[in-house]
Amino acid sequence: MLTSKKLKEFARSRECVLGVANIERFDDAPPMMHPASIFPEARSVIAIARRIPRGSLRGIEEGTYWPSYTYFGYHGLLNTWFRPKIAYEIACMIEDHGWEAALNYPGVPQRHPDARDHDIKPVRGQSDVQLQVRIAAYAAGIGEIGWSKVFMTKEFGPRVRLETIITDAELEPDPLMPPGTLCDRCMSCVKDCPSGAIPHIKEGKVVEIEIEGQKIQWGDVDMGKCTLSTHGGDRTVSPFLVKELPNVVWDAKKMDFSEADAYAFCWPLSTGKHHGEYIVEGHAMLQKWGVGGSYILCGARGCIRTCMDHLEKAGRVEQTFRNAPFIKRPRWLLTPEGKKVAST
Ligand code: SF4
Ligand code: SF4
């Protein structure tokens with residue numbers, strides 16, 4: 001018999017965290033984000049968190065080595081190979097018990113610029129559905145959404161990537177995590193986000209949803225600014241860009257782009273000589289194979305690195321390291337003109 005316990009044990013044997021939500025927890029979800037828009041017979045949504053190795057962020061933290069996070073902590077291999085592998089295994093396990101497992105690939109609702117002209121016709125009232133994986137993971141009880149909008153678990157803090165499976169199997173749901181269990185609203189992520197993408201709580205830019213009477217909130221992150229910093233359009237976190245375009249100076253903090261336009265702005269920069277030679281070359285090879293897609297410059301400076309340093313110091317994360325803390329030296333940041341400055 002298929003049970004939540006059996007699925008959890010399997011996930012744990014693969015060093016992943018798994019939780020289950022019943023479909024009723026999505027009652028207030030809009031059709032474009034509703035699991036039943038994908039699988040009308042859905043009874044449960046399973047969320048799985050696979051960890052980002054802490055050391056994949058080390059090179060960026062030191063300002064010396066970028067590829068590791070791109071490949072082992074983000075899109076290059078973790079998102080496209082390591083994470084889906086566990087979801088695939090669990091889906092097969094579910095289907096071996098006679099239930100259907102609709103795998104969900106966590107995508108970005110604002111589609112890649114190359115796909116923006118696609119005219120997707122509604123078939124049954126709703127097309128282009130994207131399950132919001134962080135909300136699904138919260139509904140499945142495996143953690144909470146931090147103020148920075150990054151999902152965090154008690155095992156690994158913000159160092160996780162998420163996967164979801166929708167199934168018609170009726171499984172025992174997990175309890176919701178009370179908000180504030182992990183994120184204490186310290187606002188360190190706000191301070192250390194290079195482009196100012198994460199609003200301070202005092203600004204009142206809040207997203208709020210309710211599940212089973214539990215109100216959960218997070219900051220309304222400016223995804224245009226975040227995309228600039230993450231994908232190579234922010235000179236303060238990209239020594240490559242400063243070398244590539246020494247005389248074209250802009251300040252990502254002052255740019256007002258949508259997420260899609262920020263992608264469109266960053267994409268051509270990835271073909272630049274220095275980005276290309278250092279980070280993207282191997283990645284481009286993966287893209288030719290149909291995987292991968294983006295390269296990472298910011299390295300989640302505020303929303304993962306600072307946050308995990310804070311949560312580890314506060315004893316709010318279970319996984320500990322012998323050589324703590326993570327942030328060991330004064331941090332680096334460039335000015336838009338390319339001058340190196342010490343940060344906090
Ligand atoms: S740094 Fe982490 S714990 Fe602090 S407010 Fe941001 S998300 Fe919450
Ligand atoms: S990835 Fe970078 S720019 Fe985006 S929210 Fe995190 S710290 Fe800010």
Side-chain angles (χ1 to χ4, degrees), residues 2-21 35 38-39 42 44-57 67-108 112 129-143 150-169 171 174 279 282-296 299-300 304 308 318-319:
L2 185 70
T3 61
S4 294
K5 187 167 173 280
K6 198 181 262 186
L7 291 171
K8 276 180 214 292
E9 283 168 0
F10 182 79
R12 211 171 300 123
S13 75
R14 301 292 192 276
E15 299 188 334
C16 292
V17 183
L18 183 145
V20 176
I38 299 169
F39 187 2
S44 307
V45 176
I46 296 161
I48 307 152
R50 165 140 264 174
R51 79 170 103 159
I52 297 167
R54 190 192 199 229
S56 69
L57 291 151
S68 184
Y69 182 62
T70 290
Y71 289 94
F72 296 104
Y74 198 76
H75 210 351
L77 292 169
L78 180 58
N79 278 9
T80 48
W81 281 359
F82 305 147
R83 184 193 60 189
K85 186 170 182 292
I86 172 77
Y88 176 83
E89 288 176 330
I90 287 174
C92 291
M93 187 175 169
I94 292 168
E95 298 203 343
D96 283 346
H97 286 78
W99 302 103
E100 190 170 307
L103 290 144
N104 176 59
Y105 190 87
V108 180
H112 184 278
V129 176
Q130 286 286 353
L131 190 61
Q132 221 291 2
V133 287
R134 298 176 207 197
I135 295 175
Y138 180 77
I142 58 172
V150 168
F151 194 82
M152 48 185 75
T153 70
K154 66 177 173 20
E155 293 83 359
F156 305 115
R159 287 189 295 108
V160 289
R161 301 281 174 216
L162 300 168
E163 195 81 51
T164 46
I165 299 172
I166 309 162
T167 179
D168 49 357
L171 298 162
D174 286 286
I279 299 182
H283 208 124
M285 192 171 75
L286 288 177
Q287 284 174 321
K288 278 182 200 153
W289 298 343
V291 296
S294 50
Y295 56 96
I296 308 302
I304 296 185
M308 84 176 169
E318 285 179 358
Q319 189 176 38

Look up atom [atom1] in [X] and atom [atom2] in [Y], then write down how far apart they are to the nearest 0.5 Å.
X: N104; Y: Q130; atom1: CG; atom2: CD; value: 7.0 Å
X: I48; Y: T164; atom1: CD1; atom2: OG1; value: 8.0 Å
X: L18; Y: I46; atom1: CG; atom2: CD1; value: 6.0 Å
X: Q132; Y: L162; atom1: CD; atom2: CG; value: 9.5 Å

For atom NZ of K85, decide whether the heavy atoms of other residues, nucleotides or ligands shown that lie under 6.0 angstrom number more than 12.
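Atom NZ in K85 is not crowded, with 12 or fewer foreign heavy atoms closer than 6.0 Å.
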Taking every non-hydrogen atom, the tightest pair across [X] and [Y]:
X: R14; Y: R50; result: O-NH2, 2.8 Å
X: E95; Y: A101; result: OE2-N, 2.9 Å
X: G19; Y: K8; result: CA-NZ, 4.1 Å
X: L103; Y: A87; result: CD2-O, 3.4 Å

Problem - Polar side-chain atom of D168 near backbone of W99 as donor-acceptor pair, under 3.5 Å - result: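 Answer holds: no.
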Exercise for the section: Kindly indicate, with the supporting measurements, whether the criterion side chain to side chain donor-acceptor pair (under 3.5 Å) is fulfilled by R159 and Q319. Expected result: CA-CA 11 Å; R159 287 189 295 108; Q319 189 176 38; 2.6 Å; yes
Do [X] and [Y] have side-chain heavy atoms sitting under 4.5 Å apart?
X: R83; Y: Y105; value: yes
X: R161; Y: F151; value: no
X: E9; Y: K5; value: yes
X: I86; Y: F10; value: yes
X: I165; Y: F39; value: no
X: Y69; Y: I52; value: yes
X: I142; Y: D174; value: no
X: M152; Y: M308; value: no

List in chain and number order the residues that pass side chain to side chain contact (heavy atoms under 4.5 Å, CB included) with [X], two or more places apart in sequence or in another chain; answer none if no residue qualifies.
X: A140; value: A21, A47
X: S68; value: S56, Y65, F72
X: S44; value: V20, T167, L171

> Hey, does the Lys NZ or Arg CZ of R51 hover above the aromatic six-ring of F82, less than 6.0 Å from the centre and inside 45° of the axis?
Replying inline: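 Ring-cation test returns no.
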